[in-house]
Amino acid sequence: MTLNHIETMLKTIQQYSNSEITLTFKNKEQVPVLLVCYLNQCFQLTYLDNHTIETYDDILLTVLAIDRAVRTYIQEASK
């Protein structure tokens, strides 16, 4: 998935902030590993393996965090 595609998805959930849209990212085995939603004018990332939550108010930083997380889960799966 490209960074532009991630950015487009984030802009979409931001545009529809009155709706409850959640993005789910899965690893290669199709197991959900990361949830992303837009809440209180911030993007909330929930890592499902350890239930850690990160909050970002900047789209670029959110894109980079998602990309980093997805790459990490891909690397772990290929070990």
Side-chain angles (χ1 to χ4, degrees):
M1 178 178 308
T2 68
L3 298 180
N4 287 337
H5 189 205
I6 295 171
E7 181 179 1
T8 299
M9 292 188 308
L10 293 178
K11 286 180 179 179
T12 300
I13 65 172
Q14 185 178 40
Q15 180 181 357
Y16 295 100
S17 61
N18 292 334
S19 301
E20 292 183 24
I21 301 171
T22 302
L23 303 174
T24 304
F25 292 86
K26 299 178 181 181
N27 64 15
K28 286 186 175 185
E29 290 79 31
Q30 298 302 307
V31 175
V33 293
L34 178 67
L35 298 178
V36 180
C37 66
Y38 190 71
L39 185 63
N40 298 324
Q41 299 182 351
C42 290
F43 295 98
Q44 180 176 300
L45 280 61
T46 304
Y47 297 85
L48 299 176
D49 60 345
N50 59 14
H51 302 287
T52 301
I53 297 173
E54 295 178 354
T55 305
Y56 298 91
D57 60 1
D58 180 81
I59 286 184
L60 180 57
L61 293 176
T62 308
V63 168
L64 295 175
I66 292 169
D67 184 59
R68 182 177 59 246
V70 169
R71 288 180 189 278
T72 298
Y73 287 115
I74 289 172
Q75 287 176 354
E76 288 176 0
S78 58
K79 288 182 180 178

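This one's a predicted model, so the numbers in the text were calculated from it and none came from an experiment.
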Do we see a donor-acceptor contact under 3.5 Å between the side chains of Glu54 and Tyr47? yes
Val36 and Ile66: side chain to side chain contact (heavy atoms under 4.5 Å, CB included), yes or no, with the steps? CA-CA 9 Å; Val36 180; Ile66 292 169; 3.8 Å; yes
Heavy atoms of Ile53 and Gln44 approach each other most closely as CG2-CG, 3.4 Å
Which ring-ring contact (aromatic ring centres under 6.0 Å, His included) pairs, counting each pair once, include a residue from residues 2-34, with sequence neighbours left out? none
Any Thr46 side-chain heavy atom under 4.5 Å of Thr52 side chain: no
Distance col, row Asp58:CG vs Leu10:CG, nearest 0.5 angstrom, shows 10.5 Å
Is there side-chain contact between Leu23 and Leu34, with at least one heavy-atom pair below 4.5 Å? no
Taking atom SG of Cys37 and atom CD of Gln14, what is their separation to the nearest 0.5 Å? 12.5 Å
Lys11 and Ile59: which non-hydrogen atoms are nearest, and at how many Å? CG-CD1, 3.6 Å
With a 4.5 Å limit on heavy-atom distance, are the side chains of Asp67 and Leu3 in contact? yes
Once you round to the nearest 0.5 Å, how far does CD1 of Ile13 lie from CG of Leu39? 10.5 Å
Quick one: pull up CG in Leu48 and NZ in Lys26 and give me the separation to the nearest 0.5 Å. 11.5 Å
Between Val70 and Asn27, is there a side-chain heavy-atom distance shorter than 4.5 Å? no
Sorted by chain and residue number, the ring-ring contact (aromatic ring centres under 6.0 Å, His included) partners of Tyr38 (sequence neighbours excluded) come out as Phe43
Closest heavy-atom pair, Ala65 versus Leu45, reported as atoms and distance to 0.1 Å, is CB-CD2, 3.8 Å
Will you find, in the side chains of Asn4 and Thr2, an N or O donor that is under 3.5 Å from an N or O acceptor? no
Any side-chain heavy-atom pair of Glu7 and Val63 under 4.5 Å: yes
